[in-house]
Amino acid sequence: MRVSYSAIYKTFVKDRFGCLSAKASRRMLSGLLLTMIGSAGAYGQETVDSVGVSRELEEFVFVKRRPGTMNLSGPETGFQVDKSELFRAACCNLGESFTTNASVDVDYADAATGAKQIKLLGLSGSYVQMMTENLPAFRGAAMPYAFRYVPGPWMKSIRVSKGSSTVKNGYESITGQIDIEYLKPQDERKVNASAYFDSDLRLELNADANFHVTDKLNTVVLAHFEDRFMNHDANDDGFADMPSIRQYNLMNRWNYFGERYIFHGGLSFIDERSRAGQVGHHAPSDPYLINLDTRRYEGYMKHAFILNRERNSNIALAGNLSMHELDAAYGRKLYDVNEKAAYAQLMYESDFTSKHNLSAGMSLNYDYFGQHLRRLPTASEPDYLREKETVGGAYAQYTFKLDSRLTAMAGIRGDYSSQYGFFVTPRFNVRYKPTDVLTLKASAGKGYRTVHAWAEYNYLLASGRELVVENLKQEDAWNYGISADVSIPVGAQTLRASAEYFRTDFRQQAVVDYDSDPDRLTIANLDGRSYSNVFQVEVNFESSFGISATAAYRLNDVKTTYSGKLMEKALTSKYKALLSVGYKTPLELWQFDATIVLNGGGRLPAPYQLSNGDMSWAERFPAFPSLNVQVTRWFRHFSIYAGGENLTNYRQKNPIVNASDPWSRTFDPTVVWGPITGAMGYLGVRVNF
């Protein structure tokens, strides 16, 4: 067997010691080979001359790197994304972390405020439970803008579970959970810094440093600054294509590891200013402006008491507190909210045997929304929209594991809401591996959600239509899913193929109705059927030559009842096709990545006639492509990357309807189905010490 220098470098040096220079790595390899030669001579197993190795090596062990995206190993269906996958794109924040992924979509919710919404299993992100390290996060008023509150360099990994998931973290998950894991205080001591700049004049600076105060006490400090220096109006409609944002984001985390006691805790603060609206020479003396000023304060803590290490028995107390303040102006509509939230959970977990695990606990959640809405100049006094809810509950979850072939997880929880009374949440997940190449999973479960409509949909106030919110009921849905994963050996590598199907059935839902009245946007209770069917196939392959590829196709069938008629859900693509390819050179000094996505067309809300006689929009939107590429050069202590997004330069021509008359009822920036901006280039650097 012939062993090249590059193979030895990649196996022993690169993977274990980091990216050394070629000179330093050759010295290390020389020492390694001399040691091997000396050992062989000492034991008399090989004949070695003074020039080199004259006999072939009998055995050589290669260490394979873990893929950047991996399927969840437990009974839940989903995947985990780590740093290596996040580095394949600019990944400035959480909302830009799924560009190479087929399961999750992040789209603009409107063309004026920069609000984004995630879509999982064909439905909006309000049905996805957002968490940070298993604690609920970014609910209520933070939901429309949460994806820019999590800087990309702060994330260690992202865990996405689809469909019915564990009952440990509450009842709110309907289509799945997204759990963000931040950089840890106990990680290797180092300082990281990064900078990013793009052709839209957006600058980002990040830094983090961790300190090992003692053998048991550690801390990490994370800092983020972001600024977009000016507004752009590429389509010359008089409105900024994207808001001008300035954000300061700070976090400090601590942990303590004792023999029987473990503590995690931290504080974070966000200050963000966003400006959008009419700009440039089109702006009149009384311009339509959108101003958002946000301040968010958050603290969390986790206490764990180890009872029996052999059985993984422990008692834990965890919780968080947050206050989210938003002062918003949408033209002459003024909205402000002061949201206070508190969450606490007490839990017990133990492995009774290697096959049986029990988790049980109690939780308490409190939400308060102090809101004011004022419509100028007609309203002299603001509307007070106060909301308050307290929910207490308990759960039990049993997991059975039979070797590596079968794992079943059944959980049930009961909760009492001060608004909606008592309700029960059952969930079940099973994983069965009949052979080494085939893994089957199935899930079924229920989810509930309290809708705080004004806080969660406040960006709809940017529309000229009147926003009407009915007396909403608690949302209630069942979710069912099945999946199959096949691992096929291809030479020394493995080709992985998967297929999955999920169905979500709503019994009660808050429906945003664009269709019934051209003068109104109504958020009303579901009156009829509402469901989504999502089918997805995906193939992944990573060759021994540094090439990795992912190909996927997803089909969405999402329908909701509007005014008594079951219709295709508006602004939802019928399908998504993705091809993502990456290549690393043998020494892994260069990395090349490209992802192309084809988003299928879909239905638009019922169009209406403008004052000039034109229709507001067509009945359907077309399919459109998007191409992202990036090149990265790795060095020992830093890397430089450059790339481009939406290089197909496809964009929605008129995302803002009737932009020339923003004070009219026919003005609407909320009907967004495609990219708002065209091709964009960027450059960045990451440094670590």
- prompt: Is a side-chain donor or acceptor of Asp237 paired with a backbone partner of Ala659 at a separation under 3.5 angstrom?
  reply: no
query: Is there a side-chain contact between Tyr145 and Thr113 (heavy atoms, below 4.5 Å)?
result: yes
Chi angles and distances behind the side chain to side chain contact (heavy atoms under 4.5 Å, CB included) call for Ile118, Val106: CA-CA 4 Å; Ile118 197 171; Val106 181; 4.1 Å; yes
- request: Under the side chain to side chain contact (heavy atoms under 4.5 Å, CB included) rule, what do Leu203 and Leu205 come out as? Steps first, then yes or no, please.
  value: CA-CA 7 Å; Leu203 172 69; Leu205 302 173; 4.2 Å; yes
query: Is Glu96 paired with Arg202 through a side-chain N to carboxylate O contact shorter than 4.0 Å?
result: yes
task: Please lay out, stage by stage, how Val511 and Thr561 fare under the test side chain to side chain contact (heavy atoms under 4.5 Å, CB included).
output: CA-CA 9 Å; Val511 178; Thr561 301; over 6 Å; no
message: So which atom in Pro675 and which in Asn646 form the shortest heavy-atom distance, rounded to 0.1 Å?
response: CB-ND2, 3.8 Å
task: Would you name the heavy atoms of Lys83 and Met155 that are closest together and state the gap between them?
output: CE-O, 2.7 Å
message: Please find the pair of heavy atoms, one from Ala552 and one from Ala102, that lie closest to each other, and give the distance.
response: CB-CB, 3.4 Å
field: salt_bridge(Arg520, Glu466) N-O dist < 4.0 Å
entry: yes
message: When you compare the side chain of Ser126 with that of Met143, does any pair of heavy atoms fall below 4.5 Å?
response: yes
Donor on one side chain, acceptor on other, Glu181 and Ser157, under 3.5 Å: yes
message: Could you tell me if Asn533 and Tyr531 have a donor-acceptor pair between their side chains, going purely by distance under 3.5 Å?
response: no
query: Is it true that a side-chain atom of Asn556 and a backbone atom of Val558 form a donor plus acceptor pair closer than 3.5 Å?
result: no
query: Which one of Leu292, Asp327, Leu461 satisfies the side-chain contact (heavy atoms from CB on, under 4.5 Å) criterion with Tyr335?
result: Leu461
- prompt: Does the side chain of Thr550 pick up a donor-acceptor pair with the side chain of Asn540 at under 3.5 Å?
  reply: yes
field: Thr99 vs Asn628 side-chain heavy atoms within contact, under 4.5 Å
entry: yes
message: I'd like to know whether the aromatic ring centres of Tyr127 and Phe506 sit less than 6.0 Å apart in this structure.
response: yes
- prompt: Hey, is the main chain of Gly681 close enough, under 3.5 Å, to the side chain of Ser199 for a donor-acceptor pair?
  reply: yes
query: Between Val672 and Gln652, what is the shortest heavy-atom contact and its length?
result: CA-OE1, 3.6 Å
task: Return yes if some donor-acceptor pair links the side-chain N/O of Asp476 with the main-chain N/O of Arg507 below 3.5 Å, else return no.
output: no
- prompt: Which distance, rounded to the nearest 0.5 Å, do you find between the CG of Leu123 and the OG1 of Thr560?
  reply: 7.5 Å
Interatomic spacing from NZ in Lys574 to CG in Leu555 - rounded to 0.5 Å: 6.5 Å
task: With side-chain hydrogen bond (donor to acceptor under 3.5 Å, both in side chains) as the test, would you mind laying out the steps for Thr632 and Gln630 before giving the verdict?
output: CA-CA 7 Å; Thr632 306; Gln630 180 175 287; 3.3 Å; yes
field: Pair Asp383 + Arg375, salt bridge at N-O below 4.0 Å
entry: yes
query: Do Arg88 and Ser580 come within less than 4.5 Å of each other through their side chains, counting heavy atoms only?
result: yes
message: If you apply the rule side chain to side chain contact (heavy atoms under 4.5 Å, CB included), what do you find for Leu289 with Arg275, and how did you get there?
response: CA-CA 7 Å; Leu289 299 177; Arg275 300 290 184 264; over 6 Å; no
message: Please report the interatomic distance CZ(Phe667) to OH(Tyr288), rounded to the nearest 0.5 Å.
response: 5.0 Å
field: Atom pair NZ (Lys576) and NZ (Lys119), whose distance is rounded to the nearest 0.5 Å
entry: 11.0 Å
task: Fit a plane to each ring of Phe138 and Tyr149, take the angle between them on a 0 to 90° scale, and name the class: parallel (under 30°), tilted (30 to 60°) or perpendicular (over 60°).
output: tilted
- request: Measure the shortest side-chain to side-chain distance between Tyr608 and Trp617 over non-hydrogen atoms and say whether it is less than 4.5 angstrom.
  value: yes
query: Where does the angle between the aromatic ring planes of Tyr650 and Phe624 fall among parallel (under 30°), tilted (30 to 60°) and perpendicular (over 60°)?
result: parallel
- request: Decide whether Asp668 and Thr666 meet the rule of one side-chain donor and one side-chain acceptor closer than 3.5 Å.
  value: no
- request: Report yes or no: do Thr670 and Arg465 form a side-chain donor-acceptor pair below 3.5 Å?
  value: no
- prompt: What distance do Asp505 atom CG and Tyr480 atom OH have between them, rounded to the nearest 0.5 Å?
  reply: 6.0 Å
- prompt: Under 3.5 Å, is there a donor-acceptor pair linking the side chains of Gln591 and Tyr641?
  reply: no
query: Between Ser664 and Asn658, is any side-chain donor less than 3.5 angstrom from a side-chain acceptor?
result: yes
field: Shortest non-hydrogen contact from Ser161 toward Leu120
entry: O-CD2, 4.2 Å
- prompt: Is it true that Glu226 and Arg148 have a side-chain N and a carboxylate O under 4.0 angstrom from each other?
  reply: no
message: Less than 4.0 angstrom from a charged side-chain N to a carboxylate O is my criterion; do Asp286 and Arg332 meet it?
response: yes
- prompt: Hey, does Met130 have a side-chain heavy atom less than 4.5 Å from the side chain of Leu94?
  reply: yes
task: Indicate whether any N or O donor in one side chain lies under 3.5 Å from an N or O acceptor in the other, for Tyr196 and Asn206.
output: no
field: Arg246 and Asp293 ion-paired at < 4.0 Å
entry: no
Shortest non-hydrogen separation from Gln371 to Leu385 and the atoms involved: NE2-O, 2.6 Å
task: With rounding to the nearest 0.5 Å, note down the distance linking OG1 in Thr572 to NZ in Lys559.
output: 12.5 Å
message: Check this for me: Asp527, atom CG, are more than 12 non-hydrogen atoms of other residues, nucleotides or ligands nearer than 6.0 Å?
response: no
Asn458 and Tyr330, any side-chain heavy atoms less than 4.5 Å apart: yes
message: Under 4.0 Å between a side-chain nitrogen and a carboxylate oxygen: does that hold for Asp200 and Arg228?
response: no
Whether Glu619 side chain and Pro607 backbone form a donor-acceptor pair below 3.5 Å: no
query: Is there a side-chain contact between Phe79 and Ser103, using heavy atoms and a 4.5 Å cut-off?
result: yes
- prompt: Going by the angle between their ring planes, with limits at 30° and 60°, are Phe592 and Tyr583 parallel, tilted or perpendicular?
  reply: parallel
